[in-house]
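See below for the structure under consideration.
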Amino acid sequence: VKRLAVDTETTSPRPMWCELVGISLSWRPGEAAYLPVKGPLGARTLDVELIREKLGPVLADESVQKIGQNIKYDVLVLANAGMELRGRFFDTMVAAHVLDSTRPTYKLDALAAEMLNHRCIPIEEVIGHGRKQTTMDAAPVETVAIYAAEDADVTFRLADVLERKLAEEGLAELTAEIEMPLLAVLAQMERTGIRVDPEVLKHMETTLSAQADDLRERIIALGGEPPFNPDSPKQLGEVLFHRLGLPVLKKTKTGASTDADVLEQLAAWHELPGLVLDYRKLTKLIGTYLVALAQCIHPRTGRVHTSFHAAGTSTGRLSSSDPNLQNIPIRTPEGRRIRSAFVADEGCLLLSADYSQVELRMLAHFCQDETLVGAFLDDQDIHRIVAAEVFGVSPADVTDDQRAKAKTVNFGIIYGQTAFGLARTLRIPRNEATDFIHRYKKRFPRIEEFLQSCVKQAKRRGYVETIFGRRRRISGIDTKNPQQRAAAERLAINSVVQGSAADLIKQAMVNIARRIRAENRPSRMLLQIHDELVFELPTDAVQDEREMIVSEMSGAIELSVPLKVDVGTGTNWMEAK
């Protein structure tokens with residue numbers, strides 16, 4: 001056997017928390033087998049020790065390609081059952097995402113229906129749905145066997161179709177060199193997890209809850225009599241627009257809007273909306289992060305094992321869930337302090353390696369503007385250099401205000417910043433923002449040429465490409481609706497720059513993991529958050545590991561500008577950052 005499709009049935013969708021119910025295998029189209037490990041009382045099942053002994057060597061055989069639908073999940077489940085899944089991976093979900101990252105779903109049923117014209121047995125026919133839903137280990141083994149074997153067979157057959165499509169589209173190399181090797185890296189990161197100190201979370205929760213209570217009382221007092229509930233959008237609207245007489249800026253189906261956008265604008269008129277914004281931020285931090293993070297600490301490992309998703313975003317960036325670590329706020333001191341709960345093991349440190357201004361460096365590489373390229377080559381302050389050019393002063397004479405404006409536009413240009421958006425961000429008049437963008441584009445015409453080339457490519461081909469050849473379909477670029485067209489144009493630009501940065505860090509992760517394994521290094525890669533990688537390593541190995549990590553990250557691809565990596569170490573993530 002040279003290729004083997006593998007699928008696991010489990011008691012829950014969380015790979016580090018579930019138990020193995022059975023394994024299904026397919027080795028040629030139309031043939032599959034199911035090995036039950038758990039079942040209802042009295043069901044005939046196989047001893048997991050026997051499966052480990054007989055099947056384990058085949059699963060670990062690196063000469064056999066392993067095919068799976070979300071194979072990373074199966075890697076973790078099997079590892080926890082004492083079996084290693086190794087060899088070249090081919091993941092049908094990830095392959096479908098590389099072919100089209102704008103699909104509404106990458107579920108096996110949908111892919112099988114579209115590409116094989118095959119209707120899979122719905123999972124509800126096995127475990128029921130709603131209140132009557134049960135778990136796989138409680139369903140009849142005979143029923144589970146047919147469902148599971150079909151999954152393995154369909155996955156095997158889908159792999160053939162997807163491999164052919166990837167080759168036709170010129171996407172086979174990206175898939176084989178980056179996407180598939182990355183899955184083993186992500187599985188290892190998830191299995192390792194990161195230690196989280198519940199005492200730090202508890203202390204923060206107590207402190208922030210007291211602050212939130214104080215804010216709540218101040219909001220209620222400012223709202224006048226009778227007292228109202230600031231957590232109720234309806235009651236808050238009543239206070240803002242009737243009692244206080246503030247203007248209604250936006251309406252929804254249920255009445256006047258009190259969303260963050262509206263409150264930010266109303267904060268210029270009255271103190272109360274600003275306090276509500278602060279209160280909401282605190283309660284979100286407490287509920288979404290402090291409480292939820294504590295619940296995610298695994299009782300056996302004392303660590304948090306997030307799930308990374310390779311098919312979660314349209315730009316190719318990784319996303320994470322259970323818990324979502326990509327969204328921990330870092331703009332506020334309270335948000336940053338959450339990172340202090342992520343700690344290193346005894347005798348170890350955490351190392352944070354963060355690409356510096358990677359998207360701007362990508363932009364400089366793509367547009368080849370001499371000033372931008374020169375600033376990066378000389379390791380100058382890019383925002384100060386740009387401000388000097390736009391305002392016509394020397395870099396030494398650039399004010400903090402001028403630099404702040406240049407910084408906002410530098411980053412905003414990648415996301416299609418409009419004059420309206422810039423005016424709101426910087427709280428300056430619209431005509432001043434328009435003038436600044438006009439001067440910026442006039443001084444840096446090559447940036448504008450590059451941005452327009454992205455739009456033209458999207459119009460001509462229906463998609464744009466990253467530096468590694470990843471594609472993203474762009475729809476609505478020819479529409480007559482100006483708002484939809486502008487959004488599609490912004491998407492085209494952003495997908496090239498952000499998608500290229502996403503490819504870069506993936507390549508770096510694959511390269512670093514390869515070095516760690518080949519050289520038996522002590523570093524453990526734990527997290528990937530946007531442009532940052534977090535490692536855990538012994539205190540006495542910091543110098544060597546730091547050099548290796550920086551070398552691999554800065555050399556992951558050759559650009560016309562250098563890639564810079566900021567590195568920090570500490571006993572917790574906040575210290576390291």
Side-chain angles (χ1 to χ4, degrees), residues 1-10 15 22-35 55 58-78 83-121 123 145-187 309-312 316 469-471 506 510:
V1 176
K2 289 289 169 213
R3 300 167 77 218
L4 188 66
V6 182
D7 187 43
T8 55
E9 300 305 332
T10 62
I23 305 167
S24 54
L25 307 163
S26 177
W27 50 95
R28 69 168 66 97
E31 289 190 29
Y34 177 65
L35 309 174
L55 184 63
V58 181
L59 297 178
D61 186 343
E62 297 206 7
S63 70
V64 179
Q65 185 188 30
K66 306 306 186 308
I67 298 164
Q69 164 80 3
N70 189 18
I71 201 166
K72 181 166 61 66
Y73 177 87
D74 305 302
V75 171
L76 290 166
V77 170
L78 289 167
M83 288 172 266
E84 263 199 282
L85 193 61
R86 290 167 71 167
R88 277 188 313 115
F89 288 162
F90 187 87
D91 189 315
T92 48
M93 180 178 78
V94 172
H97 182 264
V98 173
L99 278 168
D100 182 2
S101 63
T102 61
R103 279 176 170 277
T105 177
Y106 296 92
K107 286 184 177 174
L108 188 67
D109 299 25
L111 298 178
E114 181 192 323
M115 295 180 191
L116 302 175
N117 198 20
H118 175 90
R119 179 190 176 271
C120 291
I121 300 164
I123 194 167
I146 296 166
Y147 168 84
E150 180 189 54
D151 272 3
D153 170 46
V154 165
T155 302
F156 191 94
R157 289 192 282 144
L158 265 177
D160 286 339
V161 176
L162 288 162
E163 280 192 311
R164 192 170 64 247
K165 283 178 182 280
L166 288 165
E168 285 166 6
E169 299 285 340
L171 295 166
E173 190 181 347
L174 168 76
T175 309
E177 298 298 318
I178 298 181
E179 289 298 332
M180 298 308 168
L182 182 69
L183 297 173
V185 180
L186 296 177
H309 306 291
R470 179 188 306 281
R471 293 178 183 178
K506 285 178 176 180
V510 170

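All values derive from a computational prediction rather than experimental measurement.
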Please determine if K165 and E168 form a salt bridge, counting it only when a charged side-chain N lies under 4.0 Å from a carboxylate O.
no
So which pairs with a foot in residues 94-115 pass ring-ring contact (aromatic ring centres under 6.0 Å, His included), sequence neighbours left out?
H97-Y106
Considering only residues two or more places apart or on different chains, which pairs with a residue in residues 145-167 satisfy ring-ring contact (aromatic ring centres under 6.0 Å, His included)?
none
Mind listing the closest non-hydrogen atom pair of [X] and [Y] along with its distance?
X    : Y    : answer
A310 : L183 : CB-CD2, 4.3 Å
A152 : L25  : CB-C, 3.9 Å
K72  : D91  : N-OD2, 4.3 Å
A148 : S24  : O-OG, 3.0 Å
I71  : K66  : CD1-O, 3.7 Å
G68  : T155 : C-CG2, 3.6 Å

Distance from L186 atom CG to L76 atom CG, nearest 0.5 Å?
10.0 Å
Side-chain donor-acceptor contact under 3.5 Å, Q69 with T92
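Note: Q69 and T92 side chains meet the donor-acceptor criterion.
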For residues 169-178, run the donor-acceptor check on the side chains, cut-off 3.5 Å, and write out each pair with its distance to 0.1 Å, sequence neighbours left out.
residue, atom, partner, partner atom, Å
E169, OE1, R471, NH1, 2.7
T175, OG1, L171, O, 2.7

Result of checking D151, I67, I23, N70 against D7 for side chain to side chain contact (heavy atoms under 4.5 Å, CB included)
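Output: one option passes, namely D151.
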So E179 and K506, side chain to side chain contact (heavy atoms under 4.5 Å, CB included) or not? Walk me through it.
CA-CA 8 Å; E179 289 298 332; K506 285 178 176 180; 2.8 Å; yes
Between the main-chain N or O of S26 and the side-chain N or O of D153, is there a donor-acceptor pair closer than 3.5 Å?
no
Y34: which residues meet the ring pair (Phe, Tyr, Trp, His ring centres under 6.0 Å) condition with it, sequence neighbours left out?
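Expected list: none.
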For residues 106-116, which residue pairs qualify under salt bridge (Lys or Arg N to Asp or Glu O under 4.0 Å), counting only residues two or more places apart or in two chains?
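Checked against salt bridge (Lys or Arg N to Asp or Glu O under 4.0 Å) - neighbours excluded - the pairs reaching residues 106-116 are R103-E114.
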List for me each residue that meets side chain to side chain donor-acceptor pair (under 3.5 Å) alongside R3, sequence neighbours excluded, and say none if there are none.
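For R3 the side chain to side chain donor-acceptor pair (under 3.5 Å) partners, ignoring immediate neighbours, are Q65, D160, E163.
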